[in-house]
Protein chains: 2
Amino acid sequence: MARLPVYLRALNSLLEAEVRSCSSEELATAAGVNSAKLRKDLSHLGSYGTRGVGYDVEYLRYQISREIGLTQDWPVVIVGIGNLGHALANYSGFSSRGFRTVALLDADDSRTGELVAGLKIRAFRELTAIVHEHGVAIGVIATPAAAAQSVCDQMVSAGIRSILNFAPTVLTVPDGVDVRMVDLSSELQILAYHEQRKAQLQSGDAPVVATGSEGVA
Amino acid sequence: MARLPVYLRALNSLLEAEVRSCSSEELATAAGVNSAKLRKDLSHLGSYGTRGVGYDVEYLRYQISREIGLTQDWPVVIVGIGNLGHALANYSGFSSRGFRTVALLDADDSRTGELVAGLKIRAFRELTAIVHEHGVAIGVIATPAAAAQSVCDQMVSAGIRSILNFAPTVLTVPDGVDVRMVDLSSELQILAYHEQRKAQLQSGDAPVVATGSEGVA
DNA sequence: TCATGTGAACATATTCACAGCT
DNA sequence: AGCTGTGAATATGTTCACATGA
């Protein structure tokens, strides 16, 4: 189900190109997946295609939006307005998809009142009041790692049950709370791992199984 | 293998807490995974544990670092110095793990020379020269979606074979080039999906299979 | 005739449970 | 006695290939 947003984006760009209808093959190519996988994914939502024809782009786009829950409004709070929090607050991809940033919070009171992306930074202690006032269900953590678990705990007691965590630390949460972690450094590490493999192959090394330090025996 | 960075982070925090040795159970808890999975993952790298005892934290940390390729230096270029590129340039999690940002590039020439995170922004056209000069193998794309494919193509022809893409668009690359995509808005959408499910369950709705529009029959 | 939707085959990933080593 | 490393069992995900229906 993590692929639905990708399909949605592909459908949006087809719509921009004024494509009205498409086959699973076309949409799969645009989304960068195999067409059988796309059809199986879509068949879980219902039968929104027409055999022999394909999918109606606009109709399918609406159905996927509805399935994801984008037909409703999602108020979001962002905690930790450093460089990353700043970037997230300004990120247009959130607001354009039904996510509405209702507050920016920072533990550093000297920053309270500072204007970022059209919103005034508020004190972290206002969290609970803001969550209740706006019915916030999703919280974004962009603090340093050391603060993240505490911020998370307070989000959970304020009633937030979905958390997007950019701090490089594992968060512990009660059952019923979802956390998604985005670790920028892990992504680079995974690339480095593959890059290293490619470099080894190219330099003609045999795939290394032994460490080279065992020798004798 | 996407979990190795997580294990590495867990080992680093154990080291900070001056823990010398740990069991698979402890490390798995710290990393937020099942202990059997952790042991199986580690066994792919080699036998770095001691039966009846556990793992030496420092030794295992080194072995994982080496496996990922963090014992070598990885020069990185970041293209697109908007809010996100700015945040990435300042992100300490990169530099602290062997990744060295050697250049910040932006297509907007009016920004050339501007100082960000201690580096001067340079013109995008310098890409190839920079890649060759520093032996850059990893490129980060933080441009708007519309520019991403073109930036990607030029990275590839400059010799970059690993790309971290923050632009919300699917990139097409030749064989042998790795792309990892980080889509901030997709992450929120996935949370919204689960949140919607939780709300439905709580309000006592039966899981909806039919659309409600078929009626008669 | 054509492309969807889907069972069946295949592949990959996770978990269990215990043999083997310290 | 205790914890790793791993085969076997299970679960999940992907791809194939074709019956089905517009």
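Residue numbers begin at 1 in each chain, while the letters A, B, ... track the order of the sequences.
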| Between P of dT4(D) and CG of D56(B), the distance in whole Å | 13 Å
| message | Quick check for you: among dA19(D), dC18(C), dC3(D), whose closest atom lies nearest to any side-chain atom of R51(A)? | response | dA19(D)
| Does the base of dT15(D) carry an N or O that pairs as donor and acceptor with the side chain of K40(A) under 3.5 Å? | yes
| request: Would you mind reporting whether E133(B) and V102(B) have side-chain heavy atoms less than 4.5 Å apart? | output: no
| W74(A) (side chain) donor-acceptor with G69(A) (main chain) under 3.5 angstrom | yes
| remark: From CE of M1(B) across to C1' of dA13(C) the rounded distance in Å is 12 Å
| task | Side chain of S23(B) only, please: which of dG21(D), dC3(D), dC16(D) is the nearest? | result | dC3(D)
| request: Output the single nucleotide from dT22(C), dT4(D), dA17(C) whose closest atom is nearest the side chain of A36(B). | output: dA17(C)
| said: Using whole Å, what does the distance between atom P of nucleotide dG5(C) and atom OH of Y48(A) come to? | reply: 11 Å
| query | With respect to the phosphate group of dT22(C), does any side-chain polar atom (N or O) of Y55(B) fall under 4.0 Å of OP1 or OP2? | reply | no
| query | What's the CG-C1' distance between L38(A) and dG13(D), to the nearest Å? | reply | 15 Å
| task | Check whether any side-chain heavy atom of V57(B) lies under 4.5 Å from a side-chain heavy atom of R20(B), and answer yes or no. | result | no
| query | If each of N34(A) and L42(B) is mapped to the nucleotide of DNA chain D with the nearest heavy atom, which maps nearer the 5' terminus, i.e. the 5' end? | reply | L42(B)
| said: Measure CD/E25(B) against P/dT4(D) and give the value in whole Å, please. | reply: 8 Å
| task | Check whether any side-chain heavy atom of V173(B) lies under 4.5 Å from a side-chain heavy atom of D178(B), and answer yes or no. | result | no
| remark: Among the nucleotides dG21(D), dT22(C), dT6(C), whichever has the atom closest to the side chain of S43(A) is dT6(C)
| task | Can you tell me the distance, in whole Å, between the NE2 atom of H44(A) and the P atom of dT12(D)? | result | 13 Å
| query | Do the side-chain N or O atoms of S47(B) get closer than 4.0 angstrom to the phosphate oxygens (OP1, OP2) of dG5(D)? | reply | yes
| said: With a 4.0 Å cutoff (strictly under), does any side-chain N or O of S24(A) reach OP1 or OP2 of dT4(C)? | reply: yes
| task | Let me know the distance between NZ of K37(B) and C1' of dG7(D), rounded to the nearest Å. | result | 19 Å
| Shortest side-chain distance from R39(B), nucleotide among dT6(D), dG5(C), dT15(D) | dT6(D)
| Considering all heavy atoms, the nearest P5(A)-I68(A) contact | N-CD1, 4.0 Å
| field | Separation of dG5(C) P from L45(A) CG (nearest whole Å) | value | 10 Å
| Want to settle it: does V53(A) or R3(A) sit nearer the 5' end of DNA chain D, counting the closest nucleotide to each? | R3(A)
